Amino acid sequence: VQLVESGGGLVQSGGSLRLSCAASGTIFNIWNMGWYRQAPGKQRDLVASITRGGTTIYTDSVKGRFTISRDNAKNTVYLQMNSLKPEDTAVYYCNVDVAYWGQGTQVTVFS
């Protein structure tokens, strides 16, 4: 299974970015897809997750600003990030069904 992430970058505070993660390989009926992030010197934490049925979970700090969605036909998960803040700066990792991780994409928000 391979996870290919895209969409990270450098953005000014208040701006938006959209992350994408496409899963390929021998994988069927993915149940849970999610995004984690890891800032320098900190642990990797859950940002948001979504089940195959559409149930979502968000960490408190991103509620109302980030939206997770998925396209089951494409095995792809998205993270729309609005009203970005400098504290959102981190490497963002895609996760599928706990076991599989993407390579990470850098998001940097400057004030």
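The structure presented is a predicted model; accordingly, all values stated were derived computationally and were not measured.
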Query raised in the report: Nearest heavy-atom pair of A39 and A90: which atoms, and what distance?
Result: N-CB, 3.8 Å
Query - Exercise: identify the closest heavy-atom pair between G102 and L3 - result: N-CD1, 3.5 Å
Query raised in the report: Are side-chain heavy atoms of V77 and I68 found at a separation under 4.5 Å?
Result: yes
Report summary line: Nearest heavy-atom contact between A23 and I30 is CB-CD1, 4.0 Å
Query - I50 side chain near Y58 side chain, heavy-atom distance below 4.5 Å - result: no
Report summary line: Shortest non-hydrogen pair, Q80 vs S16, comes out as NE2-CB, 4.0 Å
**Report entry** Of T59, D88, T89, T105, the residue whose pairing with R37 passes side-chain hydrogen bond (donor to acceptor under 3.5 Å, both in side chains)
**Finding:** D88
Query - Gap between atom OG of S20 and atom CD of E5 - 0.5 Å precision - result: 10.0 Å
**Report entry** M81 with Y93, same ILVMFWY side-chain cluster at under 4.5 Å
**Finding:** no
Report task. To the nearest 0.5 angstrom, please state how far the OG atom of S61 sits from the CD atom of E87. Result -> 8.0 Å
Query raised in the report: Does CD in Q2 sit with more than 12 non-hydrogen atoms of other residues, nucleotides or ligands closer than 6.0 Å?
Result: no
Query raised in the report: When rounded to the nearest 0.5 angstrom, what is the spacing between CG in L10 and CD in Q106?
Result: 9.5 Å
Query - Shortest non-hydrogen contact between P86 and S13, atoms and distance - result: CD-OG, 3.8 Å
Report task. Examine distances only and state if a side-chain atom of D97 and a backbone atom of W31 form a donor-acceptor pair shorter than 3.5 Å. Result -> yes
**Report entry** Inter-residue atom distance S49.OG - W35.CH2, 0.5 Å rounding
**Finding:** 13.0 Å
Query raised in the report: Is atom OH of Y100 surrounded by more than 12 heavy atoms (other residues, nucleotides or ligands) closer than 6.0 Å?
Result: no
Requested in this report: Rounded to the nearest 0.5 Å, what's the gap from OG1 on T56 to NZ on K63? Could you check?
Outcome: 9.5 Å
**Report entry** ILVMFWY network linking L19 to Y78, side-chain heavy atoms under 4.5 angstrom
**Finding:** no
**Report entry** Heavy-atom pair of closest approach, residues L17 and G7
**Finding:** CD2-O, 3.9 Å
Report task. Examine L79 and V91 and state if one hydrophobic cluster contains both, with Ile, Leu, Val, Met, Phe, Trp and Tyr joined whenever side-chain heavy atoms are less than 4.5 Å apart. Result -> no
Requested in this report: Treating Ile, Leu, Val, Met, Phe, Trp and Tyr as nodes and any side-chain heavy-atom pair under 4.5 angstrom as an edge, say whether V1 and V96 lie in one connected cluster.
Outcome: yes
Query raised in the report: So Y36 and W101, would you call those rings parallel, tilted or perpendicular, with 30° and 60° as cut-offs?
Result: perpendicular
